[in-house]
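Scroll down for the structure; my scribbles are underneath it.
In what follows, every heavy atom counts, from backbone to side chain, and hydrogens, waters and symmetry copies are set aside. Residue numbers begin at 1 in each chain, while the letters A, B, ... track the order of the sequences.
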Amino acid sequence: MAILEIRNVTRRFGNLKAVDDVSLSIEAGEFFTLLGPSGCGKTTLLRMIAGFDEPDQGALFLEGQPLAGIPPEKRPVHTVFQSYALFPHMSVAQNIAFPLRMAGKDEDEIRRRLKETLELVHPQRQGAAFSARTRAARSSVALARGLINKPRLLLLDEPLGALDASCANRWKAS
Amino acid sequence: MRCAEATHGHLRLAVAGLGEIIAPALAGVKAGERGMFALRPEQVRVSAHHEAQELHNHYHGKVRDYLYLGDVTVYKVELDNGVVLEALLANSAPGRANSSRSAIHSASAGATIRECICVTDLSTDAATRPHESGRDSRVTQWLVSLPPTLFLLVFFLAPALIMLVASFQYPGEFGGLAPLFIDGQANLSLETYRFFFSDLIYAEIFLRSFLVAAATTLICLILAYPLALTIAHSPKRHRDLLVLLVILPFASNFLIRIYAWIILLGPANLLYTPFAVIAGMVYVHLPFMILPLYTNLEKHDPALLEAAQDLGAGALTRFWRVTFPLSLPGIWSGTALVFIPVLGMFAIPELLGGTGDILIGNLIKEQFLDNRDWPLGSTLSLLLTVAVLVLAGFSAWAGHTRRRLA
């Protein structure tokens with residue numbers, strides 16, 4: 001069964017049809033890329049999947065369940081934002097562990113998952129030495145934060161720009 | 001690379017493969033020295049035309065490869081002598097976009113080899129290095145800060161020192177101060193301090209003042225936060241008007257506004273009560289809490305709240321985990337702007353409060369104007385200043401948070 005099904009989704013902003021009758025179906029484990037010039041509706045579609053926007057027509061289904069009316073915080077869908085949107089008042093570890101804390105996981109599990117996830121996105125730099133000063137490091141943190149609570153679906157809004165190729169390949173593989 | 005020339009303004013470097021490069025001066029580098037030279041890709045500009053020939057460092061080359069990476073594009077440019085330079089250009093930057101886009105278009109049209117000019121703009125890099133500010137800018141800085149420094153020395157530090165001395169002097173017979181020296185002997189005492197600490201009433205008034213200031217600050221914060229948040233979240237075109245409304249009360253005189261409270265509170269039998277004092281204090285100081293809070297909240301990146309929501313945070317969690325901690329600097333400045341003036345305020349307790357509601361401000365005013373005991377007034381002022389400084393120091397220490405993802 002498709003993990004995500006988008007059925008005849010249309011979204012208008014005034015006279016502008018940002019998304020016009022889009023249907024597609026994405027299988028579990030699939031790496032699906034939306035390509036197009038800026039302003040063609042990629043972000044609008046992602047925002048509807050994440051729950052920040054609702055379609056005017058059509059419907060979205062996650063593992064067969066309709067997504068309509070479910071707020072973003074209740075959807076097992078995480079987004080890596082274009083600007084990364086890292087919390088500036090939290091450390092790298094606090095940022096990455098945020099989804100686990102929201103899910104009410106206990107400290108032991110948070111520590112274990114944190115270690116696993118850091119190994120996954122940035123095996124050569126870990127723990128205290130890991131900082132988020134550079135763009136690439138920031139994108140790794142944003143990615144780790146998106147992955148750590150094992151969402152059913154991970155949305156990436158123009159994320160590869162700052163990921164170095166090896167890192168990009170590694171997490172694609174994972 | 002070898003440094004060919006080092007002057008006050010610039011370095012002339014001889015770089016293998018690139019020839020001569022003019023770089024900003026760097027302290028400690030002498031002509032003839034050898035060293036490393038790094039070129040940041042984002043400092044290299046690529047342009048299709050010979051538009052930047054007047055810049056010091058430019059090279060002719062061909063775009064061998066480019067990679068579109070979302071908001072930036074990386075170009076690999078092979079110079080005529082075979083050296084490959086890497087340039088990183090923002091796709092959104094005005095001006096730059098034209099040249100980079102033309103490069104993309106020509107490349108995507110099949111012309112993978114494109115003639116271009118690489119310009120390395122080293123001057124912008126220099127501007128970000130603080131240690132390179134020369135003696136000239138230090139003199140300018142000093143000159144600019146001189147008038148405010150003088151003002152503070154003459155009208156703040158000097159009076160404070162006069163008060164310090166006055167607090168140890170004896171009061172004059174008809175007000176003012178007794179002479180500092182009598183027959184060549186210093187005419188000083190610790191009398192006022194002994195007096196202050198001998199009677200609990202002063203400590204009690206200090207304590208009450210701090211409680212009134214704390215209550216006022218807390219009520220202001222509770223009232224101001226939702227308002228500041230509402231203004232910060234309202235459409236941009238309405239915000240200036242709303243901020244104007246917040247500061248509009250300042251247009252009418254402070255005393256007139258307090259007299260208006262007398263008219264309001266009198267018939268309600270609330271005049272001359274602690275409630276009246278706090279209501280007046282909150283009313284007068286509320287804008288000083290709203291404005292710093294609004295300034296802070298307005299700058300918050302809405303993407304952070306979306307990210308928190310996306311990652312599973314409900315509305316309340318989003319507020320306590322994201323909005324509130326990020327607004328702490330605004331809360332601190334608002335608290336300072338409300339708490340400290342309230343501590344010294346004497347007009348409001350005098351007009352709205354009863355006999356039991358006098359605060360330090362009233363006490364100090366009384367010493368100078370009614371009791372003519374300047375030394376005691378000075379002592380009270382100094383102790384108040386010290387208490388505020390201790391409190392400010394403590395809150396600075398407590399509120400000190402490490403810069404994290406700067």
Smallest heavy-atom separation, A/M102 atom then B/G312 atom, equals CB-O, 3.8 Å
Closest approach of B/A307 to A/R145 (non-hydrogen atoms, all atoms of both residues):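 The pair with the smallest heavy-atom distance is CB-NH2, 3.7 Å.
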For chain A, which candidate among B/G314, B/A315, B/A308 shows the most heavy-atom pairs at distances under 4.5 Å? B/A308
Atom group of B/R318 that falls short of 4.5 Å from chain A, counting heavy atoms: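 Side chain only.
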Say you draw a straight line from [atom1] of [X] to [atom2] of [Y]; how long is it, rounded to the nearest 0.5 Å?
X      : Y      : atom1 : atom2 : answer
A/E73  : B/E306 : CD    : CD    : 11.5 Å
B/D310 : A/F98  : CG    : CZ    : 10.5 Å
A/R101 : B/L311 : CZ    : CG    : 13.5 Å

Of the backbone (N, CA, C, O) and the side chain (C-beta and beyond), which part of A/S83 lies under 4.5 Å from a heavy atom of chain B, both, or neither? side chain
Are A/F87 and B/R321 side-chain neighbours, meaning at least one heavy-atom pair lies under 4.5 Å?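 They are not in contact (no side-chain heavy atoms under 4.5 Å apart), so the answer is no.
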Would you say the side-chain atoms of A/H89 pair up with the backbone N or O of B/L328, donor to acceptor, closer than 3.5 Å?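 Not at all, since once roles are kept as given, no pair shorter than 3.5 Å links the two residues.
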More than 12 non-hydrogen atoms from neighbouring residues, nucleotides or ligands closer than 6.0 Å to NZ on A/K42, yes or no?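 Counting other residues, nucleotides and ligands, NZ of A/K42 exceeds 12 neighbours.
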Should we say atom CZ of A/R152 is surrounded by more than 12 heavy atoms from elsewhere, each under 6.0 Å from it?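 Atom CZ in A/R152 is not packed in, count stays at 12 or less.
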